[in-house]
Asker: 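I am attaching a structure below and will ask some questions about it afterwards.
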2 protein chains.
Amino acid sequence: MAGKVAQRRAALRENLVLIAERTISEKGLTALRARDLASEAGCAVGAIYNVFGDLTDLVLTVNARTFHRLGADVAEALAEAPQDPVEQLIVMAQAYHKFAADNHLSWRALFDVERAPDEAAPDWYLEEMGRLFAYIADPLAVIFPGRDSHEHALLTRALFSSVHGIVLLGLDQASSGVPAEDIDRMIALVLRQLTASS
Amino acid sequence: MAGKVAQRRAALRENLVLIAERTISEKGLTALRARDLASEAGCAVGAIYNVFGDLTDLVLTVNARTFHRLGADVAEALAEAPQDPVEQLIVMAQAYHKFAADNHLSWRALFDVERAPDEAAPDWYLEEMGRLFAYIADPLAVIFPGRDSHEHALLTRALFSSVHGIVLLGLDQASSGVPAEDIDRMIALVLRQLTASS
DNA sequence: CCCTCAATTGAACGCAGTTCAGTGATAGGC
DNA sequence: GCCTATCACTGAACTGCGTTCAATTGAGGG
């Protein structure tokens with residue numbers, strides 16, 4: 001039986017990812033414990049380290065999946081959006097907001113995981129980020145046809161960052177919780193203004 | 001000698017805050033250790049817990065000071081700004097950016113400290129936040145005289161959140177580091193557009 | 001069927017924050 | 001000025017975490 005070991009490894013890996021994903025989404029990143037994980041997966045704590053380098057590796061794997069789901073939601077919203085590029089941007093931003101609200105703890109884990117300061121961002125992160133930026137850049141290119149690429153890149157980043165900031169502070173409990181419809185109104189307000197031809 | 005104990009307590013408290021402030025600003029929140037703190041302050045670890053409930057309390061005290069310095073910097077920038085309300089907003093936002101860049105680790109500690117999910121935000125936080133919001137709301141009231149207060153509040157929050165998001169992602173290493181002048185350009189771009197009368 | 005060696009185990013390690021019984025200084029009464 | 005009840009201070013010990021590694025197990029070729 002060649003590959004029996006590899007099969008078990010793969011099954012364990014998948015299992016650990018699913019358990020970690022559920023734990024993070026239900027109780028948050030800080031509730032993730034190596035011992036709980038092992039006990040739920042029915043394996044020894046050491047087995048985790050045969051499959052992942054450390055817990056951060058596992059969290060990054062979960063984050064990659066979360067980021068991918070986020071990208072898919074935004075893409076789906078874009079596909080169903082009207083032709084008007086401004087409306088497309090608003091629909092995507094509100095899809096971003098909805099994802100963050102519906103998957104709050106998983107979404108927070110995307111940013112709360114501690115990265116080694118010198119280590120580069122993982123490839124999948126840059127790829128997914130690039131995909132999101134592309135979704136934004138396309139309507140922007142329609143709205144502002146006559147700008148150079150650097151300016152386009154800055155505008156894309158500024159737009160994403162602004163929406164991200166609105167969602168981040170809007171969902172933050174410390175800011176005493178802004179109602180969801182107010183967040184959506186802020187998003188629409190900002191995007192309409194940012195894309196208005198001066 | 002009445003109050004000799006109280007004096008020592010106060011001196012220790014001040015000392016601990018200063019050491020923690022320096023540690024956070026130089027090495028980041030995650031480098032703060034109770035034992036290192038005690039050894040630097042020349043006291044026992046237990047003494048920390050006579051003065052602060054736990055390390056989070058100490059960090060929150062440091063954060064209050066950081067937030068206050070941030071507010072002062074923004075206020076100073078506003079005082080030196082031209083009369084034009086749009087320029088005032090830009091100058092304040094760029095002062096916010098400069099503070100975050102110059103005090104990166106201390107600024108990060110403002111958001112990275114873990115808060116108990118049910119616990120309310122501390123008073124000083126709401127006060128300082130309110131002060132910052134007031135700095136923004138004043139020029140906005142000049143620019144948009146005819147809006148109701150709820151809309152003003154939303155616009156103020158949206159504006160702050162957008163600038164915060166631009167600075168946050170701009171300074172984030174994972175986004176491969178946006179040059180400071182590009183961050184300032186994004187800030188100016190966004191604020192000019194957001195305050196343009198449609 | 002046995003032997004070899006790698007995968008797996010879980011007790012142990014190092015290192016955090018936090019606690020608490022023991023210790024010593026303080027402040028008030030005499 | 002002394003005595004003592006009180007309380008702050010001490011730091012070793014406790015708890016809980018991620019991670020490691022000597023011991024053990026079991027898979028797979030001869």
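Every chain is numbered from 1, with letters handed out A, B, ... down the list of sequences.
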Asker: Taking atom CG of A:Asp123 as the centre, report whether more than 12 heavy atoms of other residues, nucleotides or ligands fall under 6.0 Å from it.
Answerer: no
Asker: Got a sec, which residues hit side-chain contact (heavy atoms from CB on, under 4.5 Å) with B:Arg35, two or more places apart in sequence or on another chain?
Answerer: B:Val45
Asker: In residues 105-113 of chain B, what residues come within less than 4.0 Å of DNA chain D, judged by heavy atoms?
Answerer: none
Asker: What pairs of donor and acceptor atoms, side-chain ones from residues 51-64 of chain A against any protein atom, are under 3.5 angstrom apart with sequence neighbours left out?
Answerer:
from, atom 1, to, atom 2, distance (Å)
A:Asp54, OD1, A:Thr56, N, 3.2
A:Asp54, OD1, A:Asp57, N, 3.0
A:Asp57, OD2, A:Gly53, N, 3.2
A:Thr61, OG1, A:Asp57, O, 3.0
A:Asn63, ND2, A:Ala109, O, 3.0

Asker: Please report the C-alpha distance between B:Met186 and B:Val178 in whole Å, then the side-chain angles of each, then the deciding distance to 0.1 Å, and finally whether the side-chain contact (heavy atoms from CB on, under 4.5 Å) criterion is met.
Answerer: CA-CA 10 Å; B:Met186 285 193 275; B:Val178 181; 3.9 Å; yes
Asker: Return no unless some side-chain N or O of A:Asn50 is found under 4.0 Å from OP1 or OP2 of C:dA7.
Answerer: no
Asker: Tell me every residue that passes salt bridge (charged side-chain N to carboxylate O under 4.0 Å, His left out) with A:Glu127, counting only those two or more places apart in sequence or in another chain.
Answerer: none
Asker: Without swapping roles, check the side chain of B:Arg108 against the backbone of B:Ala100 for a donor-acceptor pair under 3.5 Å.
Answerer: no
Asker: What about A:His152 and A:Phe133, are their ring centers closer than 6.0 Å?
Answerer: no
Asker: Tell me the closest heavy-atom pair linking A:Ala101 and A:Leu171, and the distance in Å.
Answerer: N-CD1, 3.9 Å
Asker: With sequence neighbours excluded, tell me which residues meet salt bridge (charged side-chain N to carboxylate O under 4.0 Å, His left out) with B:Asp182.
Answerer: B:Arg185
Asker: Quick one: list whatever passes side chain to side chain donor-acceptor pair (under 3.5 Å) with A:His104, sequence neighbours left out.
Answerer: none
Asker: Name the atoms and distances for all side-chain donor-acceptor pairs under 3.5 Å in residues 67-84 of chain A, with sequence neighbours left out.
Answerer:
from, atom 1, to, atom 2, distance (Å)
A:His68, ND1, A:Glu128, OE2, 2.6
A:Arg69, NH1, A:Asn103, OD1, 3.3
A:Asp84, OD2, A:Glu87, N, 3.1

Asker: Can you measure A:Phe52 atom CZ to D:dT19 atom P for me and round it to whole angstrom units?
Answerer: 13 Å
Asker: Could you tell me which residues satisfy side-chain contact (heavy atoms from CB on, under 4.5 Å) with A:Ala188, sequence neighbours excluded, listed by chain and number?
Answerer: A:Ile90, A:Gln94, A:Arg192
Asker: Report, one pair per line, the protein and nucleotides 22-25 of chain C atoms (nitrogen or oxygen only) whose separation is under 3.5 Å.
Answerer:
none

Asker: Provide, to the nearest angstrom, the distance between the CG atom belonging to A:Leu37 and the C1' atom belonging to C:dG10.
Answerer: 16 Å
Asker: Along nucleotides 11-19 of chain C, 5' to 3', which nucleotides get a B, which get an S, and which get a -, given that the test is a protein heavy-atom distance under 4.0 Å?
Answerer: BB---SBBB
Asker: Identify, residue by residue, the members of residues 21-30 of chain B with a heavy atom below 4.0 Å from DNA chain C, and return them in order of residue number, or none.
Answerer: none
Asker: Scan for side chain to side chain donor-acceptor pair (under 3.5 Å) pairs involving residues 15-25 of chain B, sequence neighbours excluded, and state none if there are none.
Answerer: B:Glu21-B:Arg65, B:Arg22-B:Glu40
